[in-house]
Protein chains: 2
Amino acid sequence: MSPSLERRDLVHELRAKGIRITPQRRAVIEVIQEVREHLDAGSLLELARKRHPRIDRATIYRTIDLLKKLRVVDELDLMHLEGEKHFYEVKTVREHIHLACFRCGRIEEFSSSLFEQLKSEISREAGFHIRVTRLEVGGSCQACAEKDVQEGNR
Amino acid sequence: MSPSLERRDLVHELRAKGIRITPQRRAVIEVIQEVREHLDAGSLLELARKRHPRIDRATIYRTIDLLKKLRVVDELDLMHLEGEKHFYEVKTVREHIHLACFRCGRIEEFSSSLFEQLKSEISREAGFHIRVTRLEVGGSCQACAEKDVQEGNR
DNA sequence: CTGATTGCAAAGAATTTGCACTGCT
DNA sequence: AGCAGTGCAAATTCTTTGCAATCAG
């Protein structure tokens, strides 16, 4: 129920920026901050409704849009493991990579200084001003890779 | 009109694998091989119809699926610059990164040995067996980054 | 010949929009 | 009080599916 320690208090942060905080927005923001899994719009709606029962789908999407524009959340596709939904997570200090297992569906997170180096290289060599990056990797997680071998898949 | 030199002849490659080559599939494959831009299902349909006028939307999607499963094409989101379409490209020897400019919409490609190193690191350290990766970067391309500064955006 | 592939039409999933009403600051 | 934000319902966009007819090998 309490926000994880390493995460900032988004509600205050946004209010300080002059963003209007409605109960609906508060509900969405709290859910997205407190739930560790990656949420799609549907589950976000479901969870936000526990706090603010009359909240509508449209408000969820509008709030997500707002948070994306403010750059406080990242949008993920997670390799479209389950349809074409998008998933959302609060931006972390260090960006991380998502490893999606096609076999068991688990999502692992991975971060690496090589990724940071790669991003600097991109800015430097392509003269590209990076606002957001998304690195998704699909394949088999360790456990499933072993099963693949046993079963002769690969 | 002629396929670019560095690309293999997919039709023969697939037939060798026992894949049935229909005129519809041939049309889709030829288009995807010959056109340099990233195509979404809609433009793929339009272009494939020039070769095989009665081809249907469903066949496009089914063929894309087939090619994805055979791992001869990659699916891209290109940062959802224009809606939620997906884009397709024939897999290249070396995977590359797509840089999407939010301002002018241009897509640049970038490849780097750091990316290859990062992928090895992921397999090694996470024990993850990588099948496909997608690295997309959004921001401002060189030209637009300059305009951003001039206009005080940033 | 025969099962894989296709076109068609309809359904489905995710997201967006127009508009009158509500409520934050 | 004023205007940004909301709920509702309908619309849009992209993709998938069921089924009878067709065709590649």
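Numbered from 1 within each chain, the chains take letters A, B, ... in sequence-line order. Not measured: the values here are computed from a predicted model.
- Atom CD1 in I60(A) sits roughly 13 Å away from atom P in dT16(C) (whole-Å rounding).
- Legend: residues meeting salt bridge (charged side-chain N to carboxylate O under 4.0 Å, His left out) with E37(A), ordered by chain and number and at least two apart, are absent.
- When rounded to the nearest whole Å, the span between CG of L67(A) and C1' of dG5(D) equals 14 Å.
- Proximity of M79(A) to V132(B): side-chain heavy atoms (C-beta onward) are separated by under 4.5 Å at one or more points.
- Under the side-chain contact (heavy atoms from CB on, under 4.5 Å) criterion, R62(B) pairs with A58(B), T59(B), not counting sequence neighbours.
- Partners of E46(A) according to the salt bridge (charged side-chain N to carboxylate O under 4.0 Å, His left out) rule, which considers only residues two or more places apart in sequence or in another chain, do not exist here.
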Counting only pairs under 3.5 Å, give me each side-chain donor-acceptor contact of residues 113-121 of chain A, with atom names and distances, residues two or more places apart or in other chains.
residue: K119(A); atom: NZ; partner: E95(A); partner atom: OE1; Å: 2.4
residue: S120(A); atom: OG; partner: E116(A); partner atom: O; Å: 3.0
residue: E121(A); atom: OE1; partner: S112(B); partner atom: OG; Å: 2.5

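- Here the P atom of nucleotide dT13(D) and the CZ atom of F87(B) are 15 Å apart, to the nearest Å.
- Among the protein residues, R26(B) comes within range of no part of the nucleic acid, since none of its heavy atoms lies under 4.0 Å from any strand.
- Cluster partners of Y61(A), using a side-chain heavy-atom cutoff of under 4.5 Å among ILVMFWY residues and allowing indirect links: none.
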Nucleic acid footprint by protein, nucleotides 4-15 of chain C - heavy-atom cut-off 4.0 Å, B for base, S for sugar-phosphate alone: BSBBB-----SB

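- Protein atom NZ of K69(B) is 12 Å distant from nucleotide atom C1' of dT16(D), rounded to whole Å.
- Screening residues 11-47 of chain B for ring pair (Phe, Tyr, Trp, His ring centres under 6.0 Å), with sequence neighbours left out, gives H38(B)-H98(B).
- In the helix from dC1(C)-dG25(D) to dT25(C)-dA1(D), the end axes, each obtained as the rotation axis mapping the C1' atoms of four pairs onto the next four within a five-pair block, lie 50° apart to the nearest 10 degrees.
- Residues satisfying the ring pair (Phe, Tyr, Trp, His ring centres under 6.0 Å) criterion with H52(A), sequence neighbours excluded, are absent altogether.
- Nearer the 5' end of DNA chain D, as judged by each residue's closest nucleotide, is the contact made by D65(B), out of D65(B) and I21(B).
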